Each structure stands twice: as C-alpha cells, then as structure tokens.
Amino acid sequence: MDEKLVYKKLGERIKQLRENAHLTQEKLAEKAGISLDYLGKIEVTINKPGLKALIKIANALDEPLVSLFDFKI
C-alpha cells in the first residue's frame with residue numbers, strides 16, 4: 001500500500017464528507033478546532049494528519065472515524 005496514495009484518498013474523502021455536510025473549509029476547521037490552513041492542506045495532501053486531528057475532523061463531521069477511510073485504493 002502506497003502511503004502517498006492513502007493520504008491523497010484520505011484528503012479527498014474528508015473533502016467529500018465536508019461538501020456532503022454543506023460545510024465550508026472554514027466552518028469545518030472551526031468546528032474541529034483546527035486551523036483553516038491545516039485543513040486545506042490535508043484536503044490537498046500537503047499535510048499528513050495525525051490521529052488526534054482525524055478524530056477532531058470526524059467528530060466535527062458527525063461521522064465515525066472509520067468513515068474517513070471509506071475509500072478504495
């Protein structure tokens with residue numbers, strides 16, 4: 001499994017869930033307690049989020065953590 005591909009798919013999945021929830025990056029970042037810059041860079045695979053950030057994002061999206069990884073490689 002390629003690490004870069006996993007982070008790319010993860011960023012795409014977070015963006016998809018955010019858009020499905022009708023949230024802007026700014027609103028999701030605020031709800032998750034992370035910076036807008038950090039979230040934006042996660043979505044475009046510049047930043048590699050840790051577990052703590054992923055938990056915050058999942059909670060802000062009202063999604064189980066595992067749903068962030070619901071993608072095919």
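Source: prediction; values computed, not measured.
- Hydrophobic clustering, with ILVMFWY side chains joined whenever heavy atoms are under 4.5 angstrom apart, groups I55 together with L23.
- Contact detail for F69 and L10: the closest heavy-atom pair is CE2-CD1, 4.0 Å.
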Inset, instruction - Could you go through the side chain to side chain contact (heavy atoms under 4.5 Å, CB included) check for Q25 and K15 one step at a time? - result: CA-CA 8 Å; Q25 282 184 340; K15 180 178 180 179; over 6 Å; no
Inset, instruction - Test L17 against E63 for side chain to side chain contact (heavy atoms under 4.5 Å, CB included), laying out the working first. - result: CA-CA 9 Å; L17 290 169; E63 293 280 344; 3.9 Å; yes
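- Taking both residues in full, the closest heavy atoms of N47 and Y38 are given as ND2-CD1, 2.9 Å, listed atom of the first, atom of the second, then distance.
- At least one donor-acceptor pair under 3.5 Å links the side chain of R13 to the backbone N or O of S67.
- For the pair E12/E43, no side-chain contact is recorded, criterion being any heavy-atom separation below 4.5 Å from C-beta on.
- Tracing side-chain contacts under 4.5 Å through hydrophobic residues (I, L, V, M, F, W, Y), one reaches L5 starting from I42; they form part of the same cluster.
- Side-chain N or O atoms of K31 include one that pairs as donor or acceptor with a backbone N or O of A60 at under 3.5 Å.
- Side-chain contact between I34 and L28 is absent, with no heavy atoms from C-beta onward closer than 4.5 Å.
- In terms of heavy atoms, P49 sits closest to L54 at CG-CD2, 3.7 Å.
- Within a 6.0 Å radius of CD in E26, other residues, nucleotides and ligands contribute 12 heavy atoms or fewer.
- Listed here is the closest heavy atom pair of L39 and I57: CD1-CD1, 4.3 Å.
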